[in-house]
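Encoded as structure tokens, the structure appears first; notes follow it.
Note: hydrogens, waters and symmetry copies are ignored here, and every other heavy atom, side chains too, is used. What you see is a predicted model, and the numbers here were worked out from it, not measured in a lab.
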Amino acid sequence: MELTQIAHINTGFTQKFGIPRQSGLVGEIGHIIFEPEFRNPTFIDGITDYDYLWLIWGFSKNKPLEGGTVRPPRLGGQKHMGVFATRAPFRPNNIGLSSVELIEVQEKEEFGPVLVVKGVDMLDGTPIYDIKPYIPYADAHPNARGGFTDELSKGAQVKVDFPQELLQKLPEEIRESAVELLGQDPRAGYDRGKQRDFRLAYHGYDIVFLGKDGEITVTDVLKI
């Protein structure tokens, strides 16, 4: 079976480092641009009746999976787990699944209807293969166990020291989401003990920061 790309998404993430590990964790806005053959408004008739959507998409920059196990970065990159017991991006088929909030539908002369969504966790230009509505009564399981992520989520947030003079170098509309991104601690578990500069590429800026346990300090913001 071949998958047909129906759209792609434009986001502020130009490299894999720093992309939220799950959708909905950061208020990043994305714009879904349909391929020409799917720009007829009939394809999205009724979509604004839903608050959230499921996006089925492709990991376009991944290396092929080797073997049946992966080493989740959140576990320090040392522990092996079965690929199907994780949501690691390296998979037999490079397919991703994200739940995003539908903000609005914009009509663009060049692209037809464009879906504006919030909470994206995808690289700029990521191909989208399907869109389905999120249905709360069937899709929400608030009491479900989350495996190893149950413990990790308790300490997922870190303190962010982002000096105002540096924060103001970013466009106002992305300042809040930039702080949210850093608060999720983009470093892999095995990098958290290293005292060095890290760089987060975001909306055409390099956010330079130092990190230690429980805290991130921004040291510079550079226009790329």
Side-chain angles (χ1 to χ4, degrees), residues 5-35 52-63 70 72-74 77 86-91 94-104 106 108 111 114-131 149 156-158 160 162 166-167 169-189 191-192 197-211 216 218-224:
Q5 180 177 333
I6 65 164
H8 71 272
I9 190 166
N10 291 338
T11 76
F13 302 121
T14 56
Q15 64 179 28
K16 292 189 291 183
F17 178 72
I19 294 179
R21 294 178 177 88
Q22 306 294 339
S23 57
L25 295 180
V26 174
E28 171 69 5
I29 299 294
H31 294 79
I32 297 175
I33 312 295
F34 288 98
E35 296 300 303
Y52 288 84
L53 304 172
W54 288 110
L55 305 181
I56 300 171
W57 48 276
F59 289 101
S60 55
K61 301 294 183 180
N62 271 4
K63 297 177 181 178
V70 294
R74 296 289 275 178
T86 77
R87 293 171 70 159
F90 303 103
R91 318 197 66 80
N94 285 323
I95 294 175
L97 178 68
S98 296
S99 174
V100 296
E101 182 179 1
L102 177 61
I103 303 300
E104 63 175 332
Q106 296 178 347
K108 299 289 187 180
F111 300 117
V114 173
L115 304 186
V116 182
V117 295
K118 184 178 181 180
V120 301
D121 58 344
M122 287 164 277
L123 196 68
D124 185 47
T126 290
I128 295 176
Y129 300 124
D130 204 358
I131 299 172
T149 65
Q157 290 285 336
V158 296
V160 178
F162 205 139
L166 296 178
L167 186 61
K169 289 185 176 183
L170 297 175
E172 185 175 358
E173 63 272 15
I174 67 169
R175 292 173 189 170
E176 182 178 351
S177 57
V179 175
E180 289 176 343
L181 276 174
L182 294 169
Q184 293 293 320
D185 198 345
R187 297 170 300 165
D191 277 332
R192 291 185 184 173
D197 284 343
F198 293 86
R199 291 178 177 244
L200 172 63
Y202 188 50
H203 283 275
Y205 292 84
D206 257 350
I207 302 174
V208 186
F209 66 91
L210 292 170
I216 276 177
V218 177
T219 58
D220 208 351
V221 173
L222 306 170
K223 181 71 174 171
I224 300 176

Please round to the nearest 0.5 Å and tell me the distance separating atom [atom1] of [X] and atom [atom2] of [Y].
{"X": "His203", "Y": "Asp124", "atom1": "NE2", "atom2": "CG", "answer": "9.0 Å"}
{"X": "Leu210", "Y": "Phe198", "atom1": "CG", "atom2": "CZ", "answer": "8.5 Å"}
{"X": "Leu115", "Y": "Ile103", "atom1": "CG", "atom2": "CD1", "answer": "11.5 Å"}
{"X": "Phe209", "Y": "Leu181", "atom1": "CZ", "atom2": "CG", "answer": "10.0 Å"}
{"X": "His8", "Y": "Leu123", "atom1": "NE2", "atom2": "CG", "answer": "12.0 Å"}
{"X": "Arg21", "Y": "Gln184", "atom1": "CZ", "atom2": "CD", "answer": "8.0 Å"}

Taking every non-hydrogen atom, the tightest pair across [X] and [Y]:
{"X": "Leu166", "Y": "Asp220", "answer": "CD1-N, 3.8 Å"}
{"X": "Val221", "Y": "Lys169", "answer": "O-CD, 3.6 Å"}
{"X": "Ile6", "Y": "Asp130", "answer": "CD1-CA, 3.8 Å"}
{"X": "Ile128", "Y": "Leu55", "answer": "CD1-CD1, 4.4 Å"}
{"X": "Gly18", "Y": "Leu200", "answer": "CA-CD1, 3.3 Å"}
{"X": "Thr11", "Y": "Met122", "answer": "OG1-O, 2.9 Å"}

Determine whether a donor-acceptor pair (N or O, by modelled atom type, separation under 3.5 Å) exists between the side chain of [X] and the backbone of [Y].
{"X": "Glu28", "Y": "Gly12", "answer": "yes"}
{"X": "Arg87", "Y": "Gly96", "answer": "no"}
{"X": "Gln106", "Y": "Val116", "answer": "no"}

Apply side-chain contact (heavy atoms from CB on, under 4.5 Å) to Val179 and Leu167, showing your working. CA-CA 9 Å; Val179 175; Leu167 186 61; 4.1 Å; yes

Do Ile9 and Val117 have side chains that approach each other closer than 4.5 Å (heavy atoms only, starting at C-beta)? yes

Near [X] [atom1], under 6.0 Å, is it more than 12 heavy atoms from other residues, nucleotides or ligands?
{"X": "Glu172", "atom1": "CD", "value": "no"}
{"X": "Arg91", "atom1": "CZ", "value": "yes"}
{"X": "Tyr205", "atom1": "OH", "value": "yes"}

side-chain contact (heavy atoms from CB on, under 4.5 Å) for Leu170 and Tyr202? Distances and angles first, verdict last. CA-CA 10 Å; Leu170 297 175; Tyr202 188 50; 5.6 Å; no

From CA spacing to verdict: side-chain contact (heavy atoms from CB on, under 4.5 Å), Ile29, Glu173: CA-CA 10 Å; Ile29 299 294; Glu173 63 272 15; over 6 Å; no

Go through Leu25 and Asp121 one step at a time and tell me if the side-chain contact (heavy atoms from CB on, under 4.5 Å) criterion holds. CA-CA 8 Å; Leu25 295 180; Asp121 58 344; over 6 Å; no

